[in-house]
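First up is the structure itself, then whatever we jot down about it.
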Amino acid sequence: MQRPAIARVTVKRTPPMQPANTPYFEHPPFFFDQTRFRRDLAANEKLPLQIFKDAVGAAEHQMAERFREGEDVATLVRERALFIDCLLHYAWHQYHWKPGASLLAVGGYGRGELHPHSDIDLLILTEDRADSDTVDSIERFVTFLWDLGLDIGHSVRTVEECLALAAEDITVITNLTESRTVVGDSQPGEQLAARMEAGKLWSTGAFYDAKLAEQDERHNRQQAAEYILEPNIKNSPGGLRDIQTIAWVAKYYFRVRTLRQLQGKAFFTEEEFAILQSGESFLWRVRYGLHLLAGRAEERLLFDYQRELAKQFGYEDSDTQLAVEQFMHNYYRIVMALRELNDVLLQFLGEAIRQGSEQTVAPINERFQLRGGAIEAAYPQVFNQHPSALLEIFVLMARHPQITRVRASTIRLIREHRLLINEQFREDPANSELFMELLRSARGLSTQLSRMTRYGILGRYLPEFGRVTGQMQHDLFHIYTVDAHTLQVVRNMRSFRSPEAREKFPIAAEILERLRQPELLYIAGLYHDIAKGRGGDHSKLGVVDAGEFCLRHQLPARDRRLVCWLVEKHLLMSQVSQKQDISDPEVVHAFAREVGDREHLDYLYALTVADINATNPELWNSWRASLMRQLYQATQHALRRGLENPIDREEIIVETRSLALEKLCALGLPEASMENIWAQMGDDYFVRESADNIVWHTAAIHELHSNSPLMPSDTLVLTRNSGPGEHDGATQVFVYTPDRANVFAAVVTGLDMLNLSVHDARLYNSASGYTLDTFYVLDESGQPLLDEPQRLQQIRDTLQQELALVEDYSKIIQRRTPRRLKMFELESRAHLSTEPGDHYSTLEITSADRPGLLALIARTFVTHDLRLHNAKISTLGERVEDIFHITDAGGHALCDADTNRELEEAICRELDDHTAPQ
């Protein structure tokens, strides 16, 4: 086969954002040898597809190599569009076209921009779409392009149809404003452009409003955050679409083809245009590399791609930062600047478009005035003469609900003068008072904090906040950077006041109504993660910063102590609720002693709920809500009772047994039979289980043994959704079976086969040789199971089948272990400890989450001949932090330090070495 018609030459760099105005096929890319290409086509008239494919493959390979060698990405993006123009030109002429038919490039391709896997958006204009010859040519042409492997999107319309659609659809008119004729009759394209211009299908104001609404909707789909950890480089705030939105509106308003034509027209400053250009160039380079890595039109900057791109772009690990952290910090810095610029320029355009409709000016004070719904500086030197106005403007917006935005000229003034915020500014009591007034404002706090962040004010007023701006948290547990997460925490706290919160967060909503000083909660929210990334315990390091803030802002000692305590203990409530047995009164009493009083409990609960929901909204499900509610209510009771009067275990046992017996007798069950069953149970069962659960278990066990001749086995499996009260956010699976070594392994393996995740397990052994185990499970969406008889019966049948095989489970579990594994890397850790006087040892395991992990852990217990007595399962994003109470086969705690260390290493090795079979 002949060498494709591609040559490697140096090409002249073309400036970004300036598409050529002449037909591209007249000026093909220098690397494409048209003479050879035409000769090959003439020599192989019957096999044109292969010649086109060879040209495409060679061009893609050559441009990919040039990208990796560091060539200007703008040149590559433009040249790829030029090359596709040439191919389409030659492909078009493979078919017969009647006069008036033409091929137009629209959208990004219309601008002359194509990344490796970008869609090639085409519009075929024809005078008669129903003509059979035209239809045949179109079908053959489009099929040829598909067979060629091009990622095309196409439409076939007449000029009239285009105009009708453009009048109704903002997306259509946007694409058509960037259209250009690639090949064919040029008159239809010219006619379309002229009629769009003359007809004024959309007024400038309507076009602006539609593009702004489109952008708001797009931002909301991306969580309205620049700093999501796996951002969409095209659609996230500050991404390429934000640049394009500026360009679309500006070109529509000023009637120009390129943004460069606006230089000198007072639309943007030279600095702003440089930010726009450099930001686009950076994002283009990231997108180009992302497409090459993914092998498809991937716009999400996923973790694995981040690491590889950081390496390709020359970032290297340092003593303080990983290469990927440096790369992503640069990414976030750039998109934040672009988001800020998008805000300024769109505000400017909106003001220009509405000029004359917002002439009413009302003074707010000597420094600011209201023009329409926008606040603006009363005179250009306001920030020079009154630096405090850099904070005051945000206080005024929070104070006056009629202020909806900041004038573009004033945003520019803020950006120009933010360097005035220095140490002297921060130490000024007047500025401290302004910031505290903002924190105490009745409305708009989270909105103003976000504005302050976007305009570079918050990070200068609170330098410690500035240090975590754009800082990644390398796990899938957090989905935002530290600063974005922090602002979301405050936003969540404020949302607890809304009517909707009463349904989703009833306790938090009630707490916010009675807090003595809600601003103390917001301060704790701002500082709870402020020390992330410094090394050491961020909770303790953050206390120092929080304390300095409180001193600088002259908070009383009592308030300072509360804020610092909240920062230090902000993880306490979630850790206790998810990792400890909160049905144990001793656990609750210990937590109550840490909390001390109702006020600390209220503040900590509100902070914890806001923090979990700001970390990753998917983490807040009915299960976690029930754990938090149970711990909060139990702690309230302990505090009312008095810390000097802990609940007596014997009192709980007597009360629970009495209540359960009353209910069982009401069902007509004999008291003597109930007492016989309970005589086999240990005290823990009556301490940890509710009376309702005991009634449910006991009645079923009584029926099982009363009707044993009718039962196929002596194993009982029950299912139900928990009712109001304890653990009402999960489905309970109760297993009663003869106590054997591998029961836990069999049950969790069966549940995993059914795609159910275990979130808690309570295991009891009776003196009669049975085990009573309750598993709290959720479905794939993190919710309790629906009341579906067939689904619940499937659970019971599956577990019965697995338990029937339990004697040989050390062999069977090999084939039961699931095949699916997640790709996120996390080295497993195991810690085994035994407290003096305990009859069991505590094993803590942290590992990467994956389907079947709990079954895999159970397998290690079987392998090492360990007996499990209790389990606390906690899944945090991509990792699990599980706690198991275990003994050796003889029921003794594991006390030999050397043996325990070897066991820890062996467990980690088995978890990390386990890979899914191919």
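The model shown is predicted, which means the values in this text are computed figures rather than measured ones.
Expressed to the nearest 0.5 Å, how far CG of Leu805 lies from CD of Gln801 amounts to 8.0 Å. Separation of atoms CD (Glu844) and CD (Glu881) is listed at 9.0 Å; rounding is to 0.5 Å. To the nearest 0.5 Å, the span separating CD1 on Ile907 from CG on Asp912 amounts to 12.0 Å. The structure places CD1 of Ile507 at 7.5 Å from CD of Gln636, a figure rounded to the nearest 0.5 Å. Atoms OG and CD1, from Ser574 and Ile612 in turn, are 5.0 Å apart once rounded to the nearest 0.5 Å. Leu803 CG to Thr749 OG1: the interatomic distance, rounded to the nearest 0.5 Å, is 10.5 Å.
When each of Thr774, Asp581, Asp584 is tested with Arg688 by the rule side-chain hydrogen bond (donor to acceptor under 3.5 Å, both in side chains), just one qualifies, namely Asp581. For the side-chain contact (heavy atoms from CB on, under 4.5 Å) criterion with Phe775, the lone passing option out of Leu799, Leu854, Val758 is Val758.
A donor-acceptor pair under 3.5 Å is formed between the side chain of Ser841 and the backbone N or O of Leu894. Between the side chain of Thr860 and the main chain of Ile857, a donor-acceptor pair closer than 3.5 Å is present. Between the side chain of Gln306 and the main chain of Leu301, a donor-acceptor pair closer than 3.5 Å is present. Panel note: side chain Gln578, backbone Arg624; no donor-acceptor pair is recorded below 3.5 Å. A donor-acceptor contact shorter than 3.5 Å links the side chain of Asn613 to the backbone of Val609. Here the side chain of Gln471 pairs a donor or acceptor atom with the backbone of Lys532 at under 3.5 angstrom. The backbone N or O of Leu911 sits nowhere less than 3.5 Å from a side-chain atom of Ser828 that would complete a donor-acceptor pair. In terms of modelled atom types and a separation under 3.5 Å, the side chain of Gln680 and the main chain of Ser768 share a donor-acceptor contact. Side chain of Glu788 to main chain of Gln790: no donor-acceptor pair is present (N/O by atom type, distance under 3.5 Å, no hydrogens or angles).
Put simply, the side chain of Thr887 does not reach to within 4.5 Å of the side chain of His892, judged on heavy atoms. The closest side-chain heavy-atom distance from Thr715 to Gln800 is below 4.5 Å. Residues Ile694 and Met681 form no side-chain contact, since every pair of their non-hydrogen atoms from C-beta on lies 4.5 Å or further apart. Contact check for Arg901 versus Leu832: no side-chain heavy atoms found under the 4.5 Å cut-off. For the pair Glu689/His697, a side-chain contact is recorded, criterion being any heavy-atom separation below 4.5 Å from C-beta on. Inter-residue side-chain proximity for Glu905 and Cys908 is flagged as unmet; no heavy-atom pair is nearer than 4.5 Å. With contacts defined as side-chain heavy-atom distances shorter than 4.5 Å, the pair Asn755/Asp779 does not qualify. Put simply, the side chain of Leu903 reaches to within 4.5 Å of the side chain of Leu866, judged on heavy atoms.
Here the closest heavy-atom approach between residue His885 and residue Tyr840 is recorded as CG-CE1, 3.4 Å. Closest heavy-atom contact between Thr656 and Ser690: CG2-C, 4.4 Å. The two atoms that bring Ala606 and Ile511 nearest to each other are CB-CG2, 4.3 Å, heavy atoms only. Taking both residues in full, the closest heavy atoms of Gln783 and Ser622 are given as OE1-OG, 3.9 Å, listed atom of the first, atom of the second, then distance. The shortest non-hydrogen separation linking Ile233 to Leu290 is CD1-CD2, 4.0 Å. Taking every heavy atom of both residues into account, Ile582 and Ser577 meet most closely at CG2-CA, 3.9 Å.
Between Asp739 and Arg867, at least one side-chain N (NZ, or NE/NH1/NH2) sits under 4.0 Å from a carboxylate O, which counts as a salt bridge. Taking the charged nitrogens against the carboxylate oxygens, Asp760 and Lys872 do have a contact shorter than 4.0 Å, which makes a salt bridge.
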Worksheet item: Please walk me through it: do Glu299 and Asn235 pass side chain to side chain contact (heavy atoms under 4.5 Å, CB included)?
Response: CA-CA 8 Å; Glu299 311 298 347; Asn235 294 315; 5.6 Å; no
Discussion item. Between His705 and Tyr770, is the ring pair (Phe, Tyr, Trp, His ring centres under 6.0 Å) condition met? List the steps.
Written reply: CA-CA 12 Å; His705 290 303; Tyr770 278 79; 5.6 Å; yes
Discussion item. Assess the residue pair Leu785 and Leu756 against the criterion (side chain to side chain contact (heavy atoms under 4.5 Å, CB included)); give the C-alpha distance rounded to whole Å, side-chain angles, the decisive distance to 0.1 Å, and a yes or no.
Written reply: CA-CA 9 Å; Leu785 299 175; Leu756 298 174; 3.6 Å; yes
Worksheet entry | Worked check of side chain to side chain contact (heavy atoms under 4.5 Å, CB included) between Leu521 and Leu512 | CA-CA 9 Å; Leu521 179 64; Leu512 258 291; 4.1 Å; yes
Worksheet item: Which is it for Asp692 and Lys663 under the side chain to side chain contact (heavy atoms under 4.5 Å, CB included) test, yes or no, and what are the steps along the way?
Response: CA-CA 8 Å; Asp692 282 342; Lys663 292 183 176 183; 2.6 Å; yes
Item to complete: Kindly indicate, with the supporting measurements, whether the criterion ring pair (Phe, Tyr, Trp, His ring centres under 6.0 Å) is fulfilled by Trp678 and Tyr685.
Response: CA-CA 9 Å; Trp678 291 352; Tyr685 178 72; 8.3 Å; no
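Not counting sequence neighbours, Asp683 has no partner by the side chain to side chain donor-acceptor pair (under 3.5 Å) test. For Thr719, the side chain to side chain donor-acceptor pair (under 3.5 Å) test picks out Arg796, with sequence neighbours left out. For Phe591, the ring-ring contact (aromatic ring centres under 6.0 Å, His included) criterion is met by no residue, not counting sequence neighbours.
For the residue pair Asp529 and Thr486, no side-chain donor N or O sits within less than 3.5 Å of a side-chain acceptor on the partner. At a cut-off of 3.5 Å, with distance as the only test, a side-chain donor of Arg720 or Asn693 sits close to an acceptor on the other residue. Between Gln488 and Asn492, the side chains place a donor N or O and an acceptor N or O closer than 3.5 Å (distance only, hydrogens not considered). Looking at Thr771 and Asp773, their side chains do bring a donor and an acceptor atom within 3.5 Å of each other. Of the N and O atoms on the side chains of Asp602 and Tyr632, at least one donor lies less than 3.5 Å from an acceptor on the other residue.
For Glu503, the CD atom sits in a loose shell: 12 or fewer heavy atoms of surrounding residues, nucleotides or ligands are nearer than 6.0 Å. Atom CZ of Arg593 is surrounded by 12 or fewer heavy atoms from other residues, nucleotides or ligands within 6.0 Å.
Ring-plane geometry between His528 and His570 is classed as perpendicular, the angle between the planes exceeding 60 degrees on a 0 to 90 degree scale with a lower cut at 30. Classified by interplanar angle (parallel below 30°, tilted 30° to 60°, perpendicular above 60°), the ring pair Trp696/Phe734 is tilted. Under the 30°/60° scheme for interplanar angles, the aromatic rings of Tyr776 and Trp623 are found to be tilted. Phe861 and Phe884 have perpendicular rings, their planes meeting at more than 60° on a 0 to 90° scale where under 30° would count as parallel.
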